[in-house]
Amino acid sequence: MNGLAPWKDLDISPEGKAFSGTVTYVADFQLDSASEGHRRILNLGNVEMIAEVYLNGNRLRTLWTEPYSLDITDHVMDGKNVLRVDVTSTWFNRLAYDAGLPEADRKTWTISGPAEGSTLRNSGLLGPVTVSDATLRSR
């Protein structure tokens with residue numbers, strides 16, 4: 001992918017648009033050294049649903065609610081950095097997709113799920129993803 005978009009809006013098969021599970025996003029970015037007294041903050045923007053964040057091969061945190069941001073100062077390097085974000089969705093979209101299939105073709109079952117024809121929900125890393133400086137202030 002060249003940009004961030006909900007999985008349901010990608011140019012893929014209808015079954016792919018209804019994917020429920022985990023997708024891995026990887027990006028490289030360059031940073032110059034931070035000024036003393038500044039912290040580096042990673043903000044993932046809009047995430048649907050849970051994001052596990054790795055930076056330069058180190059697992060940092062799992063983010064499951066807003067704000068989807070964290071301090072990366074102690075893990076970021078001057079120069080090239082590699083960010084990996086594993087985003088996991090709920091199984092709503094797969095259930096909605098399966099509700100429209102003949103029972104013999106379904107991959108999921110539930111006692112009470114989305115009705116046939118239910119609209120797929122946004123899933124994935126929607127961004128924008130940014131790294132910014134935060135100035136520390138003494139009290």
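Position 1 is the first residue of the sequence, and the numbers go up from there.
Among all heavy-atom pairs drawn from Ser123 and Ser89, the shortest one is OG-CB, 3.7 Å. The two residues Asp133 and His38 have their closest heavy-atom pair at OD2-ND1, 3.6 Å.
With rounding to the nearest 0.5 Å, the separation of CG in Leu42 from CZ in Phe29 is 7.0 Å. For the atom pair CG of Leu125 and CG of Asn46, the computed distance is 8.5 Å after rounding to the nearest 0.5 Å. With values rounded to the nearest 0.5 angstrom, Asn81 atom CG is found 9.0 Å from Arg40 atom CZ. Taking OG1 from Thr90 and CD1 from Ile50, the interatomic distance works out to 9.5 Å, rounded to the nearest 0.5 Å. Rounded to the nearest 0.5 angstrom, Leu120 CG and Arg94 CZ are separated by 11.0 Å. If you take CG on Asn93 and CG on Asp98, they are separated by 11.0 Å, rounding to the nearest 0.5 Å.
Proximity of Tyr25 to Leu4: side-chain heavy atoms (C-beta onward) are separated by under 4.5 Å at one or more points. Side-chain contact check for Thr24 versus Val87: every heavy-atom pair is 4.5 Å or farther apart.
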Apply the test side chain to side chain donor-acceptor pair (under 3.5 Å) to residues Thr62 and Arg59: give CA-CA distance (whole Å), side-chain angles for both, the deciding distance (0.1 Å), then the verdict.
CA-CA 9 Å; Thr62 299; Arg59 183 184 176 284; 2.6 Å; yes
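Between Val76 and the options Leu55, Asp71, Val131, a side-chain contact (heavy atoms from CB on, under 4.5 Å) holds for only Leu55.
At a threshold of 4.5 Å between side-chain heavy atoms, the hydrophobic network of Ile, Leu, Val, Met, Phe, Trp and Tyr places Val85 and Phe19 in one connected group.
A salt bridge does not link Lys8 with Glu48: every distance from a Lys NZ or Arg NE/NH1/NH2 to an Asp or Glu carboxylate oxygen is 4.0 Å or more.
For the residue pair Glu66/Tyr68, the side-chain donor-acceptor check at 3.5 Å is not satisfied.
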